*Asks:* 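For reference, the structure I am asking about is given below.
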Amino acid sequence: MLAAVQFTVAVDFVIMMPLGPQLMRIFGIDTLAFNFAVSVYAGAAGAAGVSGLGAAFFLDRFDRKTALLMIYAGFTIGTLLCALAPTYETLVFARALAGFFGGIVGGISLAMVGDLVPDARRASAVGAVMSAFSVAQVAGVPLGLYFADKLGWHVPFLLLAALSGIIWIFAVVRLPKVRAHLQRSRGETPLRRFLGVLANANHLRALALMSVITFGGFMIIPDLANYLISNVQLNSGELRWVYLIGGGATLFTMNGVGRLADEFGRMRILTIMMFCSILAAFVSTHLPVVPAAVAVAASTFFMISMTGRFVPAMAMITSSVEPEHRGGFMSVNSAVAQFSAALAATMAALVIHDGANHRLVGFGKVAWLYVGWAVIGLWLASGIRRAAVPTACPVA
C-alpha cells in the first residue's frame, strides 16, 4: 500500500516535465515560466521542503495511518485541481498544493516502514517502497504521455487523481493503525519535539548523510539527458530507451539490494554501491560519441548504482530515530533532501557551461566532485547508530 502511495506521488512529479512542450504551447508560456511550475512541486521554490519542516511540529501527535490519510487526501485534491486548471496561474497554484502535501507523504510512509517492519527486514521494505519511483518512470510516464497525446494534457492528472482516490480507499481498509509512538511522545510540546529531532547528534549525522548522497547524485542527474543528446548524440527516441531500460532495471535491483543489505549488513552493501556509483559517475560523464546500446548500458549502470545507494542508506537513516520522533524526523529528512537537490543543481550549473554546438563543457568535473561527496557519505554512515526500540508491538 505504501509503495502504491509513493507511485502516485512520483508520477505526479515526473509527468510535468515531458508535458512541457504541450503546456508551453497551450498556455503561451516560456521555458522560465514552465520551470517555475515544475519547481513549485519539486521544492526548488520551497513548497515541499517547507511543508516537510512544518510537519515535524505535529506529525508525531497523530496515529501514522490517520496522518497519512489526511495528507494523501490533500495530495489527491491538489492533483485533481491540476486536471481542472483553466489557466497557467491556477495550474501553478494546484501544483504548489499538490507539492505541499506530496512533500510530506514520503516522510510518513518511511516512518510507517520504520514502525511496522522489524529491523532485520527493514532494508528490504525500504527497497520495496522506493521501487515505486522506478515503476513510475517505466510505466507511469509513458502511459501518461500516451493519454496526453490522445486526449489532452488534463487527462493524465485526472486519471492520477482517480487512482489516488482508489488507493486512499484501500489504504483506509488495509493499512494498520500505528499508535505506539503516541504514549512516548504524549506531553511533549511541539517545540520540544522539534528540538528532540534536531538536538540529537545521531539524528544530525543521519540527516547529513541524506544531504550528502542527495547532493552528490543531483550534481549529475539533472544534466545527464542533455549530455546524452548534445555530447553523445542520442536522439529523443534513443533517450526514451535510456529511461525505460534504466528504470526497469532499478525496479528489480532496488529490491535485491535491500535483501542483500538485510543479509550481509547495510554498511557493507552501502560501501559496495558507493564505489559502484563512483565508477558509474565517471563512465557516464565522460562518454564520447558511442552507439546507443553502449550509452543505454552505461546509463543503466549509473541508475542502478545511484538508486542502490539509497536503499541501505535509508534503512540506516530510518533506524537511527526513536519511534516517538520518527514521523517528524522523516519529514525533516524529506526537506533536507529537497533543499540538497536544489542546491546541487545550482552548484553543478557553476561548473558546467554550454560550448560549441550546444555541447556541455565541464560535465566530467562533477564526477570528481562526486568522489568527495561519496567518501564523506561513507564516513557519515559509519558513525550512525541504531536507536533504541521499545519491545512493545507497534501495531494496534
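Every value quoted in this text rests on a predicted model; they were computed, and no experiment measured them.
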*Asks:* Tell me, do V113 and T318 make a side-chain contact under 4.5 Å, heavy atoms counted?
*Replies:* no
*Asks:* Given the rule that I, L, V, M, F, W and Y join up when any side-chain heavy atoms are under 4.5 Å apart, are L224 and V294 in one cluster?
*Replies:* yes
*Asks:* Identify the two heavy atoms, one from P156 and one from G152, that lie closest to each other, and give their separation to 0.1 Å.
*Replies:* CD-O, 3.4 Å
*Asks:* Say you draw a straight line from OG1 of T307 to CD1 of I304; how long is it, rounded to the nearest 0.5 Å?
*Replies:* 7.0 Å
*Asks:* Going by the ring pair (Phe, Tyr, Trp, His ring centres under 6.0 Å) test, which pairs reach into residues 153-172, not counting sequence neighbours?
*Replies:* F27-W153
*Asks:* Judged by modelled atom types alone, do R266 and S319 share a side-chain donor-acceptor pair under 3.5 Å?
*Replies:* yes
*Asks:* Between R309 and S277 (side chain of the first, backbone of the second, donor and acceptor by atom type, cut-off under 3.5 Å), is there such a pair?
*Replies:* no
*Asks:* If only atom types and distance count, is the side chain of T79 paired as donor or acceptor with the main-chain N or O of F75 below 3.5 Å?
*Replies:* yes
*Asks:* Using side chain to side chain contact (heavy atoms under 4.5 Å, CB included) as the criterion, list what pairs up with A94, not counting sequence neighbours.
*Replies:* L81, C82
*Asks:* Once rounded to the nearest 0.5 Å, what's the spacing between atom OG1 of T66 and atom CG of L175?
*Replies:* 10.5 Å
*Asks:* Of the non-hydrogen atoms in T76 and G165, which two are nearest, and what is the gap between them?
*Replies:* CG2-N, 4.0 Å
*Asks:* Indicate yes or no: at least one non-hydrogen side-chain atom of M306 is less than 4.5 angstrom from one of I220.
*Replies:* yes
*Asks:* Please report the closest heavy-atom contact between M267 and L378, naming both atoms and the distance.
*Replies:* CE-O, 3.4 Å
*Asks:* Quick one: closest heavy-atom pair of A381 and L209, and the distance?
*Replies:* CB-CD2, 4.0 Å
*Asks:* Minimum heavy-atom separation for S299 and L228, please, with both atom names.
*Replies:* OG-CD1, 3.6 Å
*Asks:* Fit a plane to each ring of F282 and W368, take the angle between them on a 0 to 90° scale, and name the class: parallel (under 30°), tilted (30 to 60°) or perpendicular (over 60°).
*Replies:* perpendicular
*Asks:* Which pairs with one or both residues in residues 205-225 pass ring pair (Phe, Tyr, Trp, His ring centres under 6.0 Å), sequence neighbours excluded?
*Replies:* F215-W373
*Asks:* Working to the nearest 0.5 Å, report the span between CG of L69 and NZ of K65.
*Replies:* 6.5 Å
*Asks:* Tell me whether S320 contacts the main-chain N or O of I317 through its side chain, where contact means a donor paired with an acceptor under 3.5 Å.
*Replies:* yes
*Asks:* According to a 4.5 Å side-chain heavy-atom criterion applied to Ile, Leu, Val, Met, Phe, Trp and Tyr, with indirect links allowed, do I77 and V172 form part of one hydrophobic cluster?
*Replies:* yes
*Asks:* From T214 OG1 over to M210 CE, what is the distance, rounded to the nearest 0.5 angstrom?
*Replies:* 3.5 Å
*Asks:* Take atom CZ of F93 as the centre, draw a 6.0 Å sphere, and report whether it contains more than 12 heavy atoms from other residues, nucleotides or ligands.
*Replies:* no
*Asks:* Set out, in order, the CA-CA distance, both residues' side-chain angles and the distance that settles side chain to side chain contact (heavy atoms under 4.5 Å, CB included) for N202 and R386, then state yes or no.
*Replies:* CA-CA 9 Å; N202 195 44; R386 297 185 185 185; over 6 Å; no
*Asks:* Answer with yes or no whether the hydrophobic clustering places V9 together with L80; edges join I, L, V, M, F, W, Y residues whose side-chain heavy atoms lie under 4.5 Å apart.
*Replies:* no
*Asks:* So do the side chains of F310 and I213 get within less than 4.5 Å of each other, counting heavy atoms only?
*Replies:* yes
*Asks:* Are L2 and L68 close enough, and set up right, to give a side chain to side chain contact (heavy atoms under 4.5 Å, CB included), and what steps lead you there?
*Replies:* CA-CA 10 Å; L2 295 177; L68 179 67; 3.8 Å; yes
*Asks:* Membership question, hydrophobic clusters at under 4.5 Å side-chain separation (ILVMFWY): are L158 and V11 in the same one?
*Replies:* no
*Asks:* Checking S382 side chain against W379 main chain: does a donor-acceptor pair fall under 3.5 Å?
*Replies:* yes
*Asks:* To the nearest 0.5 Å, how far apart are CZ in R205 and CZ in R385?
*Replies:* 9.0 Å
*Asks:* Could you tell me whether the side chain of L279 reaches within less than 4.5 Å of the side chain of F301, counting heavy atoms only?
*Replies:* yes
*Asks:* Please walk me through it: do N333 and M314 pass side chain to side chain contact (heavy atoms under 4.5 Å, CB included)?
*Replies:* CA-CA 10 Å; N333 188 67; M314 284 304 303; 3.9 Å; yes
*Asks:* For D12 and A98, which heavy atoms make the closest approach, and how far apart are they?
*Replies:* OD2-CB, 3.8 Å
*Asks:* What is the distance from atom CD1 of I167 to atom CZ of F7, rounded to the nearest 0.5 Å?
*Replies:* 7.5 Å
*Asks:* Does a side-chain heavy-atom distance below 4.5 Å link I26 with Y88?
*Replies:* no
*Asks:* How far apart are the C-alpha atoms of M303 and V242, what are their side-chain angles, what is the distance that settles it, and do they pass the side chain to side chain contact (heavy atoms under 4.5 Å, CB included) test?
*Replies:* CA-CA 10 Å; M303 293 181 186; V242 167; 3.9 Å; yes
*Asks:* So, do I269 and E263 sit near enough that their side-chain heavy atoms are less than 4.5 Å apart?
*Replies:* no
*Asks:* Find out if a path of hydrophobic residues (ILVMFWY) with successive side-chain heavy-atom gaps under 4.5 Å connects L287 to Y370.
*Replies:* yes
